[in-house]
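Below: one structure, written as structure tokens.
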Amino acid sequence: MNVLVIGNGGREHAILTALAKSPKVGKLYCMKGNAGTAQIAENVNVDYMNINAVKEYAAAHPEIDYYVVAPDDPLAMGLVDALEEMGKRCFGPRKNAAIIEASKAFSKNLMKKYGIPTAESETFESYDKALEYVRKKGAPIVLKADGLALGKGVLVCDTLKQAEEGLKEIMLDKAFGSAGSKIVIEERMNGLKYTPGEEVSVLTFTDGKTIVPMITSCDHKRAHDGDKGLNTGGMGTFSPCPFWTPELEKEVMDTIIVPTMNAMNSEGRTFKGCLYFGLMRTDKGMKVVEYNSRFGDPETQVVLPMLKTDLMEIFEAVTDERLSEVKIEWESGACVCVVLASGGYPLGYAKGKEITIGNVGDCSIIHAGTAIKDGKLVTNGGRVLDVVARGVDIDDARRKAYAAVANINWENMQYRTDIGIKYRKG
Ligand code: AMP
Ligand code: GLY
């Protein structure tokens, strides 16, 4: 099968890397891709946010058998619906299911309606009513812009003053554009052992009938060591999560994961694809922080290298709604991903800096924001490279990853040195 993956980042390079191992897969394509995806796939220079342009391309390329839509924006826009209407086989939810990520108001209402544990919240469209509610509840309090905001539309406020300013920023100054015309205001959850609360990402494969959790992982959202600095798209990940136990998995399957699949079915919004559960272990049990309608980035970079089963076989089983027939198996040991970013990220940064890569041992170098300019590999985004190492345990994988990082360089490269050390105490 010839497969086209839609997206440009590390997640897409990781998906392509996993697909390239499948004996079922012939030629790979990536729309639009980066310098890394170009090494294993043909990059296709079409704007995937332009549905008509993608449809035209698909019509002109009948040799492509399968499409994987990886990023949130084209899923929310209905790209899978458009391709399926043309008779194309796809991995990814339709628009009416992708709303589980695209609208926080939708997902909070879903959880409320079906009794799925999450932080208590209210949704507002009026600034005055939201302000009144914030003043009544007081701090700490969490503000969330309703729509997609590159993972940056959430403000965890410690003081009432911060919350009042944040509310103005989101609803009046429109810091996140139209994503902020509705706002979800929720209680701040507390972790069981840590502050801020301990978080785990559970990606799942689901065909709407069966839902299978992947190996767990943990993200590092803040820009700097010790969880300091601004929120980013993710500065590194590791797998598996150290505090995960079979008991927690059972609790989460029974109270969150299966009920969410059933809830979406009851709403007539069957979800097929990768449904991502961002969870927190709180002093009141496991709760949902957020849903994503897609593979996480950079979670995918540590989860897929641990997958023993053929990814293409799983994708096809999801499309054909026979996921229950596939036995999904995972490697033992651990995997760590250190993100190398451009200096200044997530705020302003330079592009076009030449990258040098020396000896990286047996690490895999996944490209996020790279390009080839005048025959040279250069930076082309905020997050540039992901250094991925497998090891017998997290420490082993960490050592390998940072040994490779020491041999990679460009002007003003920025990264965290503490990926993989959190939640040591379980
Ligand atoms: P989200 O984009 O919804 O995942 O939120 C971004 C981050 O904000 C999460 O990863 C948490 O660290 C934090 N967060 C979100 N909601 C809450 C909450 N209700 N209580 C505490 N922390 C939260
Ligand atoms: N790493 C979090 C996300 O993909 O949204």
Side-chain angles (χ1 to χ4, degrees), residues 7 9-12 14-15 70-73 75-76 98 100-108 111 117-122 137 139-158 163 166 170 176 179-180 183-192 194-203 214 216-223 227-239 241 274-284 286-304 337 339 346 368 382-383 386 419 422-423:
R11 166 183 52 209
E12 288 74 21
I15 292 171
D72 49 359
D73 286 321
L75 288 168
I100 198 166
E101 171 172 7
S103 167
K104 289 202 189 275
F106 171 86
S107 67
K108 293 302 289 193
M111 289 184 269
T118 187
E120 188 193 303
S121 73
E122 291 293 333
K137 288 284 175 181
I141 198 156
V142 180
L143 309 180
K144 301 187 169 187
D146 172 55
L148 296 175
L150 295 170
K152 292 165 196 157
V154 173
L155 303 177
V156 180
C157 305
D158 295 324
I170 295 175
F176 308 106
I183 192 165
V184 171
I185 303 179
E186 63 180 42
E187 62 168 332
R188 192 190 67 194
M189 298 185 281
N190 296 312
L192 184 64
Y194 294 83
T195 312
E198 47 274 25
E199 293 181 65
V200 53
S201 303
V202 183
L203 284 60
M214 301 185 210
T216 55
S217 55
C218 298
D219 193 4
H220 299 70
K221 290 197 168 147
R222 300 296 190 108
D227 286 335
K228 303 266 182 341
L230 294 172
N231 263 321
T232 69
M235 292 301 291
T237 38
F238 60 100
S239 172
C241 166
C274 170
L275 180 54
Y276 164 131
F277 296 79
L279 306 175
M280 189 180 283
R281 185 180 64 173
T282 76
D283 49 6
K284 300 187 189 83
M286 294 298 291
K287 293 194 183 187
V288 177
V289 180
E290 64 164 347
Y291 293 115
N292 290 329
S293 59
R294 51 172 174 88
F295 283 97
D297 190 342
E299 283 90 342
T300 306
Q301 287 85 318
V302 290
V303 167
L304 290 185
C337 165
V339 173
R383 292 185 294 172
D386 305 324
I419 302 303
K422 65 182 175 184
Y423 310 147

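Side chains included, hydrogens not; waters and symmetry mates left out as well; all remaining heavy atoms used. Ligands are counted one by one from 1 in listed order, and the atoms in each one are counted from 1 as well.
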*Which of the listed options, K104, E199, E187, holds the heavy atom that is closest to atom 11 (C) of ligand 1?*
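It is E199 whose heavy atom sits nearest to atom 11 (C) of ligand 1.
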*asked:* So for F295, does at least one of its heavy atoms come nearer than 4.0 angstrom to any atom of ligand 2?
replied: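 Flag not set, F295 not near ligand 2.
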*Using non-hydrogen atoms of the residue, decide whether R294 is closer than 4.0 angstrom to ligand 2.*
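It does, in that a heavy atom of R294 comes within the 4.0 Å cut-off of ligand 2.
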*Are the aromatic ring centres of Y291 and F277 under 6.0 angstrom apart?*
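Distance test on ring centres: under 6.0 Å, yes.
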With heavy atoms only and a cut-off of under 4.0 Å, state how [X] meets ligand 1: side chain, backbone, both or neither.
X	answer
E186	side chain
M189	both
V156	side chain

Which ligand 1 atoms does [X] reach within 4.0 Å, using its non-hydrogen atoms?
X	value
A119	19 (N)
R188	20 (N), 21 (C)
M280	21 (C), 22 (N)
K144	3 (O), 15 (C), 16 (N)

*Residues in side-chain contact (heavy atoms from CB on, under 4.5 Å) contact with D297, at least two apart in sequence or another chain*: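 D297 satisfies side-chain contact (heavy atoms from CB on, under 4.5 Å) with R11, Q301, R383 once adjacent residues are dropped.
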*Can you name the side-chain contact (heavy atoms from CB on, under 4.5 Å) partners of T118, sequence neighbours left out?*
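T118 satisfies side-chain contact (heavy atoms from CB on, under 4.5 Å) with K108, M111, V288 only.
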*Please report the C-alpha distance between T237 and D219 in whole Å, then the side-chain angles of each, then the deciding distance to 0.1 Å, and finally whether the side-chain hydrogen bond (donor to acceptor under 3.5 Å, both in side chains) criterion is met.*
CA-CA 4 Å; T237 38; D219 193 4; 5.7 Å; no
*Taking only Lys NZ, Arg NE, NH1 and NH2, and the carboxylate oxygens of Asp or Glu, determine whether K104 and E186 approach each other closer than 4.0 Å.*
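Between E186 and K104 there is no salt bridge, as every charged N stays at least 4.0 Å from the carboxylate O atoms.
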*Which atom pair, heavy atoms only, marks the closest approach of E199 to C218?*
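Between these two residues, the closest heavy atoms are O-SG, 3.7 Å.
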